[in-house]
Amino acid sequence: MTNDSKPWLVRIPEVFDGVTEEVLKRTGGTLRRQLGQEYHLIDVANAEAVQESEVTKFLLWNLPIEHMWPCDPRKMDLFIEKAAQTLAKKFGSRKPQALFIGQLNPGSPDRYYRGVASNLRGRALQLFEGLSVSEVEAQDPGKETLFCLVGKEGLFCGMQSPRAANGLYPGGSKFIDQSSPDTVSRAGAKIAEALHYILMYRKPMAEGSHWVELGACPGGMTAELLKRGQRVTAIDRAPLDKRLQSKPGVKFILAEVATFVPPQGTIYDAVLSDLNGPPGESIGHVIRLSASLRQGGLVVFTLKVPRVENVDGASRIFDTIVATAEKAGLNLFAQTHLTYNRHEFTLFFEKA
Ligand SMILES: C[S@@+](CC[C@H](N)C(=O)[O-])C[C@H]1O[C@@H](n2cnc3c(N)ncnc32)[C@H](O)[C@@H]1O
C-alpha cells in the first residue's frame, strides 16, 4: 500500500473465481477484505489500472470508496439515522445527481439489508437538498451519483459517474425477473440487461426497429425484443419456441446462419448474435450480415469463451474478435460481463 493509495470496491463475478486473484493483482490493488457475495475492497494507487486496464472487462462494477462505516448495522443503535446524517454532511455539498443504495449480498434470502438499503435511502433523501434524479435509468451516465452498498460488513459509499462505475445500479446489476411461466429461456435476461446497460452509451432503440438475430432459439431474447416493440428476423437451425411462432413482429428462418441471405433491399437497425459456435465463426457471420446494417446500427455480440482459467487466454480471444470486427467497420463502444452472462462477455459495436 502506498501513501496515496485509495480504497476501491470492485465486483468480480463468481464465474471468474479462478482468476480473481490475478485480476486483483493486475489492478495494482492490495486486498483489504472481501465483502458480500462478489465484492473486494482493495487499496489502489492508480485509478486507471482499475478503470482502463486490460482486466477492466472482468470487473462487473467498481467504486472509489470515500466513506465507509465497517459495522454490523443490525447491531448498531440508530444506524439509519446516523448513516443518513453522515452522508448528507459528507456528500451534500458535492451535489450528486442521485443517490442509490444497494446490498453487498443481493442474492441473500435474508431480507434485512434490503430494508436497510431502502430505509437509509429514504431518510437520506429527506436530508439531501434537490437531487435532480430519482429514477435509475434517468441518470446522466457522465455525471456523478452517490452510490452506497450495505450489508453485514457495514456501509461503503462513494461518488462516481455510472459510466465510470460500469452500471446504473449500485453493484451494476439490474434484476430481471425470470420466474414467469412465459419466460422462454435464460438468455432473455441477457438482452434485457444489455439494453439497460447501453443506455449509458446510446439512446434506446426506436419502436419498430428491425433486428436480425443469429442463434435465436429457443427464443428468450426474441421474446424480450418483441416485448419492447422491436421487429425480429430470427435465424437458427433449431426450432423457435411455439409460443413465439405466431407473435406479430417476428419472422423465423429455420436455417444455418451461413446460408441466410437478407431479402434484397433490407436494411437492419441491429444485429444480435448469441451463437454458440467458435467465436471467430460467429463474428464472421455478424460481419457478413453487417453489410445490411444501417450506418450507426448496433451490434450486440455474446462472446463465449472457454472456462476462464487465466486472464491472458480470455483477453487474447477478446482482442482478436474486436480487431476482426473493427477491421470490418464495426467499432467497439462498450463491453461488459453482464450479471446474467456465464463464461461470456457482451460486446457492443456500432457500424462506422
Ligand atoms: C445459446 S443458444 C441461443 C439462445 C437464444 N439466444 C435464446 O434467447 O434463447 C445458441 C443457438 O445458436 C444456434 N446455432 C449455433 N450455430 C448455428 C449456426 N451455424 N446456424 C444456425 N444456428 C446456430 C444453436 O442452434 C442454438 O439454438
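Both backbone and side-chain heavy atoms feed into the values below; hydrogens, waters and symmetry mates do not. Ligands are counted one by one from 1 in listed order, and the atoms in each one are counted from 1 as well.
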Residues in side chain to side chain donor-acceptor pair (under 3.5 Å) contact with E14, at least two apart in sequence or another chain
none

Going by the rule side chain to side chain donor-acceptor pair (under 3.5 Å), which residues pair with R123 if we only count those two or more places apart in sequence or in a different chain?
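Checked R123 against side chain to side chain donor-acceptor pair (under 3.5 Å); matches are E81, Q126.
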
Taking atom types as modelled, is there a side-chain donor on T339 or E193 under 3.5 Å from an acceptor on the other?
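Yes, E193 and T339 have a side-chain donor paired with an acceptor closer than 3.5 Å.
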
Show me, by chain and number, every protein residue that has a heavy-atom distance under 4.0 Å to ligand 1.
S185, A187, G215, A216, C217, P218, G219, G220, M221, D236, R237, A238, A255, E256, V257, D274, L275, N276, K304

In chain order, what residues pass the ring pair (Phe, Tyr, Trp, His ring centres under 6.0 Å) check against H196, with sequence neighbours excluded?
Y169

Can you confirm if the NZ or CZ of R74 lies within 45° of the ring axis of Y112 and under 6.0 Å from the centre of its six-membered ring?
yes

Does any N or O in the side chain of T266 come within less than 3.5 Å of the main-chain N or O of P263, such that one atom is a donor and the other an acceptor?
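Indeed, once roles are kept as given, a pair shorter than 3.5 Å links the two residues.
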
